[in-house]
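Have a look at the structure below, then the notes.
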Amino acid sequence: MINGKIRTGIAGLDRMLHGGLVPHRPYIVSGPPGSGKTVLALQFLLEGVQGGERCLFVALEEPPNEIKQNMRAFKWVADEVEILDANSDIRRFEPTPVIEISTEVEPARMREIDDHIRKTPDFESHEVSVHSLQQLLKTLFIKRRYDRVVIDSITALKYFCMREFEESLTTQSFMRFLAESKVTTVLTVELPEEGQAPPESFLARGEIRLHKLRDESGIKRFISIEKYKGSSHDEFVYPFEIHSVGIVVLVADAAAAPAE
Amino acid sequence: MDRVSTGVPGLDAMLGGGLIPARPYVVSGPTGAGKTILAMQFLAAGLAKGEAGLMVTLDEPPNEVKANVVAFGWNLDRLKILDATPDIKAHKRQRSVIDVGTTMDVRDMDQVGEIRQSSQIRAMEVSIHGVQKMLKQEFFQREERTREKYKRIVVDSITALKMFTMAGEDSRIMIQSFMRFLSELEATTLLVSERLNPKILETEFFLCRGEIRFHKSLDGNVIRRAVSIEKFRGSRFDDRVRPMSITNAGVIVDAQGVVAMTGGKLAALGQEYLEQRMGEEVATVIESVMKMIEDAHRARLVVTDIEHAISRAMLQIQRRNYQKAMKGALHAQSAIRERLDKARAGLPPLPPPASPPPPGVRR
């Protein structure tokens with residue numbers, strides 16, 4: 001720990017952050033699909049687990065069994081990471097009231113996740129709403145102290161769990177809830193390939209952005225700190241690669257500042 | 001780990017052996033790039049190994065799908081094809097929208113003949129729910145009949161499916177639910193998608209577990225085709241753009257080939273930074289107003305108009321109208337501060353204006 005900061009699990013990124021992340025705050029990791037957000041988020045939890053911390057992954061985009069399978073491509077031991085399946089079931093179309101995710105839902109440990117997807121029950125289906133998820137997290141945070149939490153992704157939360165809510169306000173109040181919970185949280189945000197960032201990235205304490213660009217030699221990935229309140233940080237954009245150990249930031253060679 | 005072959009050896013090589021089974025993938029690209037051909041090739045490769053395949057067609061009627069692939073000489077007789085093309089709409093008022101399926105129209109490919117005629121009495125409209133219901137029915141009926149599951153499914157196209165979402169439904173939620181449904185079937189699925197606008201984040205592109213993208217460009221008077229893997233969860237992959245061609249054997253990918261690319265997107269990277277900083281200042285003001293709104297709620301003050309004003313300011317940020325956003329946010333800030341101060345002083349709260357004036361209208 002440097003100046004009370006916690007490590008992200010990626011040495012190069014810690015250097016860019018001048019030591020790591022200020023704990024007990026929410027941070028955003030943004031980037032287009034396929035840029036490596038989930039990998040970064042999992043490395044962040046892995047670092048915590050290795051230090052004996054309690055870590056929770058809230059899965060809104062992919063079922064836990066697939067996340068577990070995907071991790072086999074990496075040389076990681078993540079058995080102790082807890083994972084909360086917040087994927088909505090197949091929705092029913094009959095005009096029955098929607099049953100929200102139960103507040104009794106408990107996260108499972110990664111090692112307990114089996115190979116098959118959880119099937120929607122025949123007679124009821126769970127729809128996750130931002131309200132029920134917030135309630136559930138609140139209860140979990142009271143029951144036990146989590147050191148690190150990942151929400152993957154806030155975009156899925158916004159797209160699929162905010163029926164009849166005003167999106168910007170609700171996202172903002174969800175982030176305020178996390179800020180007040182005093183848990184170090186990483187929220188992933190999906191960006192379109194071109195064009196502007198969604199408003200939630202303006203409202204975070206810090207934002208790490210992943211860039212995905214193509215040239216003749218393939219996909220080039222870059223990482224930058226877009227903002228970091230309460231700490232100094234590198235202003236450069238650095239290249240990174242995804243290896244079997246996870247994300248490796250090539251801090252030695254700063255990317256040439258983009259021309260024009 | 002087991003992999004599912006796409007039926008194109010060059011593409012399998014790019015994917016590090018093939019697709020990871022039981023997951024949904026997107027095949028994207030412009031019209032005429034070869035998406036449907038790849039999809040059919042994927043199904044044919046399955047049939048050749050004895051894996052049952054199902055084609056859900058929304059863009060073209062089955063007879064055209066059949067005619068289009070005859071030239072490739074694949075044996076698709078055992079392929080099941082589900083006709084979800086919408087009928088010609090009857091131009092009269094309907095009481096409610098009826099789901100697809102004049103009949104549950106799943107046929108073997110070899111029985112596909114003429115185009116299905118629209119029912120004279122009432123036209124059927126297609127909805128995601130209807131397609132899902134048909135798929136489910138067919139999936140489980142087949143399991144009952146033959147004790148065998150569909151291993152490969154193609155939906156051609158998800159773009160069309162999205163357009164059939166009924167008014168009042170949220171297409172993002174519908175697509176999420178549909179993709180969840182496909183995941184639970186545990187078949188490997190290709191969703192054909194036209195990439196309409198790279199500036200809009202489409203649900204299927206971030207929920208899919210991988211994206212195969214086709215490129216088509218004009219070089220002089222020759223059409224150049226190329227393919228790339230944009231995303232592939234849980235596997236390493238070849239991240240270069242590789243040349244491909246469409247021959248009488250279907251899609252051929254040259255996994256060693258090199259494509260010359262023009263234009264550098266690298267240049268655009270720096271420009272975003274400045275705007276980010278501008279947005280930040282507005283965000284700080286919005287944040288302070290948000291806090292005061294919460295105070296107001298606690299004090300049971302009605303501040304609906306302030307909430308609306310803040311929503312509008314956020315919208316302005318989104319549209320990059322930082323000046324307007326700042327103006328709106330500052331205005332809301334002073335208004336709510338005034339109301340809170342009055343409430344604290346024990347005065348009765350001012351009634352909020354009946355309807356806030358629409359932005360941009362001067363009196």
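Atom set for the values below is all heavy atoms of this structure, side chains included, hydrogens, waters and symmetry mates excluded. In what follows, every chain begins at residue 1, and chains take the letters A, B, ... in the order their sequences are listed.
- A:Arg118 touches chain B through backbone and side chain together, each having a heavy atom under 4.5 Å away.
- Both the backbone and the side chain of B:Ile173 come within contact range of chain A, with heavy atoms under 4.5 Å apart.
- Of the listed residues (B:Ile293, B:Leu201, B:Leu207, B:Val258), the one with the most heavy-atom contacts under 4.5 Å to chain A is B:Leu201.
- With a 4.5 angstrom heavy-atom cutoff, B:Ile229 touches chain A only via backbone atoms.
- In terms of the side chain to side chain donor-acceptor pair (under 3.5 Å) criterion, residue partners of A:Glu241 (sequence neighbours excluded) are, by chain and number, A:His243.
- With a 4.5 Å cut-off on non-hydrogen atoms, A:Thr38 touches chain B through its side chain but not through its backbone.
- Here the closest non-hydrogen pair linking A:Ile117 and B:Glu184 is CG2-CA, 3.8 Å.
- In terms of heavy-atom pairs under 4.5 Å with chain A, the best-connected choice from B:Phe181, B:Phe232, B:Phe205, B:Phe178 is B:Phe181.
- Here the shortest heavy-atom pairing between A:Ile219 and B:Glu230 reads CD1-O, 4.2 Å.
- Considering all non-hydrogen atoms of both residues, B:Arg236 and A:Ser244 come closest at NH2-N, 4.3 Å.
- Taken from OG in B:Ser183 to NZ in A:Lys119, the straight-line distance is 10.5 Å, to the nearest 0.5 Å.
- A salt bridge is absent between B:Arg23 and A:Glu62: the closest approach of a Lys/Arg side-chain nitrogen to an acidic carboxylate oxygen does not fall below 4.0 angstrom.
- Remark: of the listed residues A:Asp89, A:Thr120, A:Ile90, A:Ile90 is the sole one forming a side-chain contact (heavy atoms from CB on, under 4.5 Å) with B:Ser177.
- Between A:Ala73 and B:Gly234, the shortest heavy-atom distance links the atoms CB-O, 3.7 Å.
- Contact check for B:Ser228 versus A:Arg214: side-chain heavy atoms found under the 4.5 Å cut-off.
- Applying the salt bridge (charged side-chain N to carboxylate O under 4.0 Å, His left out) rule to B:Arg172 yields the partners A:Glu167; only residues at least two apart in sequence or on another chain are considered.
- Expressed to the nearest 0.5 Å, how far OG of A:Ser88 lies from CZ of B:Arg180 amounts to 8.5 Å.
- By number of non-hydrogen pairs under 4.5 angstrom with chain A, the leading residue of B:Glu202, B:Gln176, B:Lys231 is B:Gln176.
- Interatomic distance, B:Glu186 CD to A:His116 NE2, rounded to the nearest 0.5 Å: 5.5 Å.
- The residue among B:Met290, B:Glu307, B:Arg240 with the most heavy atom pairs within less than 4.5 Å of chain A is B:Arg240.
- Two residues are said to be in side-chain contact when any heavy atoms from C-beta on lie closer than 4.5 Å; B:His308 and A:Glu166 fail this criterion.
- Atoms CD and CE, on B:Glu287 and A:Met175 in that order, are 8.0 Å from each other to the nearest 0.5 Å.
- Between B:Phe206 and A:Tyr159, the two ring planes are perpendicular [angle over 60°; tilted spans 30° to 60°].
- A 4.5 Å side-chain heavy-atom check between B:Glu294 and A:Arg176 finds at least one atom pair inside the cut-off.
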Practice item. Assess whether side chain to side chain contact (heavy atoms under 4.5 Å, CB included) is satisfied between A:Leu169 and B:Ile310, documenting all intermediate values. Key: CA-CA 8 Å; A:Leu169 278 178; B:Ile310 284 299; 4.1 Å; yes

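- Heavy atoms closer than 4.5 Å to chain A are found nowhere in B:Arg242, neither backbone nor side chain.
- Salt bridge A:Glu193/B:Lys199: absent, no basic N to carboxylate O contact under 4.0 Å.
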